[in-house]
Protein chains: 2
Amino acid sequence: MKCVSEKSEDKIREAAKRVFLKKGFDGTTSRDIAKEADMNIALTNYYFRSKEKLFLEIFKDVLEEYFQNMLAILNKDIDIKAKISELIDHDFEMMKREPDLIIFIMNEIHKSPQRLFPDMSIFRQVRETYLKKQLEEGVANGTLRPMQLENILPLIKCGVEFIFMGREIHKELFQMSDAEFANYAQEQKEHIKAMVCNYLVIG
Amino acid sequence: MKCVSEKSEDKIREAAKRVFLKKGFDGTTSRDIAKEADMNIALTNYYFRSKEKLFLEIFKDVLEEYFQNMLAILNKDIDIKAKISELIDHDFEMMKREPDLIIFIMNEIHKSPQRLFPDMSIFRQVRETYLKKQLEEGVANGTLRPMQLENILPLIKCGVEFIFMGREIHKELFQMSDAEFANYAQEQKEHIKAMVCNYLVIG
DNA sequence: GTATATTTTAAATGCTTGTTTAAATTTATC
DNA sequence: GATAAATTTAAACAAGCATTTAAAATATAC
């Protein structure tokens, strides 16, 4: 019994994630989700009480998916250049795996931030990583340009995430096919790595 | 008569732009727009035939607003470093003036690209600016790193636009007030200028 | 100032929305 | 294998949606 019920619950959860990521909260109907999960419409409310509750649950998961692995890299005891490279590679792989993830997160938070920041202990964890210590030491001994975490982190993330968020604009603007975009993104990723490292690390 | 009718039409257009930018197409109802314009609900369809048509008209304007001034700067006959600086300053001012603009454009295009690319002659214009020539010359004579327009342009835009798109995340993540964010954005803007110029211009 | 065209209105249209109901079906318990 | 619980179903709910209607109000033209 429990086994079967979890199956249905998970089917809905996974379907909902797919639809929400593609269409956003406002663009998604309960019937969309039921159809994607191939289940009766009443089941979404049977298992999750409301569209809102289902969404909040999924959004929490998605935000953790976004931050969790990144956190591990931020805390690695490796050279800062290697760390930047790994962070960018990780971001890139995530964007390839879930191309709708970043625009979804950005847009939903933009539309109703207060609703989507409940505890967010993950934010504190991001603020207090080993990278922060590395930065402070590097700045102190003059090997790194004077920057703080809030300066360098967005520079690491924005390059890759921006071109994936604006994937369709970039394809249209620069007349690229899907295959061409894939190559372009790869190429751009290496530029970003070099650019950020060159800027942060002095000499 | 015409004077009065244009007044109402424009009132609706301006109200619709405000609401669409804030809530997106899916999150906006015809009643939202009528209320924001302080007009009867039937007037939105009287003047624009449908919510869809009104949206498409506004989206076209918004996209032109985004590209138009940028285009003028791209074609300026000035040093490439000065041009990058000016492009970033212009972007920054635009984001300050219309903080919802960039996430709106990105999200709407992401959700339905085919619907929003009708003629888009503006894209061709962006592709064929003086900056392109400058780049090719600089690369040829070895003063610039070998890059093409599609490589450098996103690097110029992503830094500023990313932090404005993710304004609320950044505020939450780095525990900033509105005022602190304003200072931070300004500071970040200068980092981006320096970083991109340093990377592109050799020596 | 009357006749005509334009603009605005309140009300209603039919459809879709999220959610609920209550009965039917499946599963678990003894 | 009968009883109870959990799951699934079809149908309905009221509320909200974009859009239309037809009458009222206003402006324009002569």
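Below, each value reflects all heavy atoms present in this structure, side chains not excepted, and no hydrogens, waters or symmetry copies. It should be emphasised that the depicted structure is a prediction, and the values quoted were computed from it without experimental measurement. All chains are named by letter (A, B, ...) in the order of the sequence lines, taking the proteins before the strands, and each is independently numbered beginning at 1.
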Please walk me through it: do Phe59(B) and Tyr66(B) pass ring pair (Phe, Tyr, Trp, His ring centres under 6.0 Å)? CA-CA 10 Å; Phe59(B) 188 83; Tyr66(B) 177 75; over 10 Å; no
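Checking side-chain atoms of Lys193(A) against main-chain N and O of Ile84(A) turns up no donor-acceptor pair under 3.5 Å. Side chain of Lys23(A) to main chain of Thr29(A): no donor-acceptor pair is present (N/O by atom type, distance under 3.5 Å, no hydrogens or angles). The main-chain N or O of Lys83(A) is never found under 3.5 Å from a side-chain atom of Lys76(A) such that the two would form a donor-acceptor pair.
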Nucleotide by nucleotide, nucleotides 13-19 of chain C touches protein heavy atoms under 4.0 Å in the pattern (B base, S sugar-phosphate only, - none) ----BBB
Filtered N/O pairs between nucleotides 22-24 of chain D and protein, under 3.5 Å:
none

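For dT19(D), the OP1/OP2 oxygens have no side-chain nitrogen or oxygen of Tyr46(B) closer than 4.0 Å. Within the structure, a side-chain polar atom (N or O) of Ser8(A) is placed less than 4.0 Å from OP1 or OP2 of dT8(D).
Rounded to 10 degrees, the angle separating the terminal helix axes of the helix from dG1(C)-dC30(D) to dT17(C)-dA14(D), each built from five base pairs, is 20°.
Note on Glu36(A) versus Lys22(A): no salt bridge recorded, every NZ/NE/NH1/NH2 to OD/OE distance being 4.0 Å or above. The existence of a salt bridge linking Lys132(A) and Glu128(A) is excluded, since no basic side-chain nitrogen approaches an acidic carboxylate oxygen closer than 4.0 Å.
No option in Met39(B), Lys53(B), Glu9(B) other than Glu9(B) meets the side chain to side chain contact (heavy atoms under 4.5 Å, CB included) test with Tyr47(B). Put simply, the residue from Leu153(B), Ile122(B), Thr129(B), Asp91(B) that forms a side chain to side chain contact (heavy atoms under 4.5 Å, CB included) with Met70(B) is Leu153(B).
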